[in-house]
Amino acid sequence: MGTQLRFMPEQASTIAADVDHLLYFFLAVSIFFTLLIFGAIFYFAIRYRRRSPNELPAAEHTGLALEIVWSVIPFGLTMIMFGWGASIFFKESRPPDNAMQIYVVGKQWMWKLQHMEGQREINELHIPINRPVRLTMTSEDVIHSFFVPDFRTKQDVVPGRYTTTWFEATKPGKYHLFCAEYCGTKHSGMIGWVYAMEPQDYAEWLAGGPTGSMADAGARLFDDLACGNCHKTDTNGRCPNLVGVFGSTVRLAGGGTVRADEAYIRESILDPDAKVVEGYQPLMPTFQGQITEEGVVQLIEYIKSLSPKPGTLIQQNGPLVPSSEPAAAGASPGQLPSGNQ
Amino acid sequence: MATAAITAERETYLNSAYGLKSWLLTKDHKRIAVLYFITISIFFAIGGTFAGLIRLELLTPEGDLVSSETYNKLFTMHGVIMVFFFLIPSIPATLGNFFLPMMIGARDLAFPRINLLSWYLLIAGGAFAIFAMVAGGVDTGWTFYTPYSTSYSTTYVIATALGIFIAGFSSILTGLNFVVTVHRMRAPGMTWFRLPLFVWSHYATSLIQVLGTPVIAVTLFLVLCERLFHLGIFDPALGGDPVLFQHLFWFYSHPAVYIMVLPGMAVISEIVSTFSRKPVYGYAFVAFSSMAIAVIGFLVWGHHLFVSGQSLYAGLVFSFLSYFVAIPSAVKVFNWTATLYRGSISYDTPMLYAFGFIGLFTIGGLTGLFVASLGMDVHVTDTYFVIAHFHYVMVGGTIMAYLGGVHYWWPKMTGRMYPEGFAKLSALVIFIGFNLTFFPQFILGYLGMPRRYHEYSQEFQLLHVLSSAGASVLAVGYIMPAIYFLWSLRYGPVAGANPWGASGLEWRTPSPPPTHNFDRIPVVTFDAYDYSTVIPTEVNDVGH
Amino acid sequence: MDTSSTHLETGAAHEAETLALREQFDTEEQQRDAATLGMWVFLITEILFFGGAFLAYTIYRSSYPAVFGLASSSLNLPIGATNTCVLLLSSFTMVMAVRAGQLGQRKAIIIFLIITMFFGLAFLGIKAYEWTEKFEEHHVPALSNFFLEGTSLQGQAKIFFSLYFAMTGLHALHMVVGVGILLFIIWKTSQGTYSPEYYTPIDIAGLYWHFVDLVWIFLFPLFYLIDRHLPR
């Protein structure tokens, strides 16, 4: 038989204690009401047991006050539960600005993870402790769900779109990574480990990996696919200049604007005609089927790297990756009608 | 009628005609209820067998009893059979069918032929589902999430979905029949506020069946189109939205939870009143809480999608609204408990089931508060916590109520009593077995054990073993009634018209009832649960 | 349900009236009310049934307005408009049939129902022609040769045509059922089942028929008209 009986998972992230505290509140309320109901049933059942076969107790009239009391008190309690749970959810949904970025691609039945610095992992994720980690996730096939119980983190990974979540590990250790959304035959095999490490251990681990960041890989892909033939780094290309695009607001042909985020760039690669930039023709072919989801996120990282802005994800890799401060071209982001294609 | 010995001469719905044809072509709601009773018992046995195999597999962390493919099919078919072919028809189509017309003083439902058609539709739907299982099974989970169900699964999705689609129309027609019957078929003097709470709850259930079921029907229709004709509506490769499927699915399937549990509440109201010999406390509040559950139940489906990628604000709204459902449920529990106060409480088997229901439904409902909370649900959704929660509601709630109801009305349906001692024992065994099976799953879930896992990590084994042990106790508890009910058909003491001293109109006609329910349509001059008008009859131990 | 009733000498109509009261009802009024309420409840069910599909349509239309507009423009408007007229006419003749039922004009009931049925079949015939057109135009999403001219977003176009086929198909299925119901009512009328006192089945068949028309009245603008002239 397994290890000893445990009742609580480890508290290994900043959010874990919050969730557990909420649990204790729920448990207290639940135990109180369960005992109240069980106790009342037992007491009444014994106290008012039938003593003669033909006894006829007096009918009670409904007490309006009582009905109101036992509607309003539970309602008040549930509103506390709602507010408390919602506040935790808000925290879980808003990654801090200084979070480090990891890309996750789920596929039947494995997790593929990429670090900004270029490391790629399968079913294992190495992260430093005491540093927020933001996950941007998509799936190549069916819906999966990224679940780390000890972090109290879960987020579905949906094909065709990006979902995000974040956590900050607080304790070094090895934690379960599960797929929590049923995804087919080997669903229960789509598991792995998250290794939370001291920052210096993490730095060492990173150093043992391949050279060349994700953005570099994206740049190579950009060349391989000959994207640069049209997306030139000046305004003369047939397609928009990509420098400074990421994070800016793009004006679209036919009116309207869109924020150039990960989802928009992904869509523009796979469905180029969906949102064409103002002033450009829909010339770009689709890259659907020619590029994997992992390749897409590499391209996104490359395009991101073309528009370094204060407070974006790239520069805060500071101590670990020395080569990421080329403020080269993006001095005035968002000025020209810039966009993809 | 009270003291006269029951003779074989009196015509009842059972002996009015003989032969298979007289059953298969019957328009008598009571006979149709019996047909349903037999059908869903078979489905329960099938679904229960799957559950047993699942628990057996989960005794060890390794996947050693069955393969992953088989395991996935087992939990899928367990869910499909139990939800669509057992729980949804369970109480409405058997006890509701039998007693709703009697309780309002009607000779039959408004549309007896449609009632029979509903049964045939369930059989037809069941045939497709069983065909799918025999031919090789289906592995999508009972939730049929796209794109797995539309593009990836290689199993018998079409046959199963078609089966559910057809069974859905059975459910719709039952609901329609009940709605019209309650509106148009009440006996003279049977005003809305003299209706037994059983009828109110069934009325609320019927509204959900009529309004909710068509949405899942069309959703499954679209899934079928996608698989059969390669249309693409939820396909992300085309730009389709798999989360839209989840919205449509849960728009029905969350209210469906109330289709399953409201009839259970219906039964409990009757039992608690009868065995306390007191009107249900707060009649109007209990009645309207059923309606409130039916209405609010349609506004909360999005709480199944907190981690699916719906917007933060959608999550907030759905979480907020979900807590509104808790209030009418709590009101019911409090009112039942208050009914006991100063009652004349007897401990007959149906009452033990009712106690069990109130207790387990309380736990099921309270843990529902956990999963309605956004911050908590992120951690526990798609884990065994959710499994435990809805089994407390569905099994601890609905099945306890169903069994309680079957014990309560068995003498009316068959004219025979079951052996009380065995029945009490089985109630106790079920209560213990149930808690042993499902309570450890709360802990498993909070520890992080995901649902639908064929193999699992070592550290979860102890709790899984406990749960499997509980399941074997539970199985014994479920087999016992099957045996003594069959025994009682032949050897049980003959029951009088009203062995419990209950007040409903169904107890004011002989057991088993005549074909048209009443020798003369009653004129109702009293409120529901007016025990001053009741003459209890003794259980007659003479004739077998 | 039968028992004797032959003492009514005024003929088949009155005899049918008594015969038609089913055993679970006390009065004919109760029976009529129950049947009508039953049909209304059923139609509410139908509204939600189509409602799910309409919701999917609305969401995709708002997500992909350009391609949906383009795909709308590719639909055959004259044919859609003709079919709308055919159905509106059929609703009119259905009303006339119910009216004849109220008046007990057996021959008129049959004639109007046959005309209604004819319109229903005409609708289905025209629809079938329109669908075959789609095969020739390569607008059938199930086929590998699917192609909508004027866009590279073939996926979104496929979603439009998937919804088009699913929803008009569902509607056509209801039309087929409706024609079946009309056949049944015509047969019953010729048997002399109905009378001015008992014509509920004609009435509720009419409700169903009007409902199916109404669904088309929503489908037609949604698929054929909105954003039709969007520039390519």
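Every chain is numbered from 1, with letters handed out A, B, ... down the list of sequences.
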Can you name the closest pair of heavy atoms from B:Asp139 and A:Tyr182 and give their distance?
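Looking at all heavy atoms of both residues, the shortest contact is O-OH, 2.5 Å.
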Take the angle between the ring planes of A:Trp70 and B:Phe334 and call it parallel below 30°, perpendicular above 60°, tilted in between.
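Rings of A:Trp70 and B:Phe334: parallel, as their planes differ by under 30°.
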Return the set of residues passing salt bridge (Lys or Arg N to Asp or Glu O under 4.0 Å) with A:Lys174 (not counting sequence neighbours), or none when no residue passes.
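Not a single residue meets the salt bridge (Lys or Arg N to Asp or Glu O under 4.0 Å) criterion with A:Lys174.
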Among residues at least two apart in sequence or on other chains, which ones pass salt bridge (Lys or Arg N to Asp or Glu O under 4.0 Å) with B:Glu57?
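Residues passing salt bridge (Lys or Arg N to Asp or Glu O under 4.0 Å) with B:Glu57: none at all.
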First locate atom NZ of B:Lys73, then atom OG1 of A:Thr185, and finally report the distance between them rounded to the nearest 0.5 Å.
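The distance works out to 8.5 Å.
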So what's closer than 4.5 Å to chain A heavy atoms on [X]: side chain, backbone, both or neither?
X: B:Ser67; result: neither
X: B:Phe370; result: both
X: B:Ala284; result: neither

Atom group of [X] that falls short of 4.5 Å from chain B, counting heavy atoms:
X: A:Cys179; answer: both
X: A:Phe38; answer: side chain
X: A:Met79; answer: side chain

Could you tell me whether the side chains of B:Tyr145 and A:Asp156 share a donor-acceptor contact shorter than 3.5 Å?
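Per modelled atom types, B:Tyr145 and A:Asp156 side chains form no pair under 3.5 Å.
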Can you see whether B:Glu459 engages A:His176 through a side-chain donor-acceptor pair at a distance of less than 3.5 angstrom?
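Side chains of B:Glu459 and A:His176: pair found under 3.5 Å.
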So, A:Arg161 and B:Asp241, do they make that salt bridge, N to O below 4.0 Å?
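Yes.
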Any non-hydrogen side-chain atom of B:Val378 less than 4.5 Å from a side-chain atom of A:Arg152?
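B:Val378 does not reach A:Arg152 side chain to side chain.
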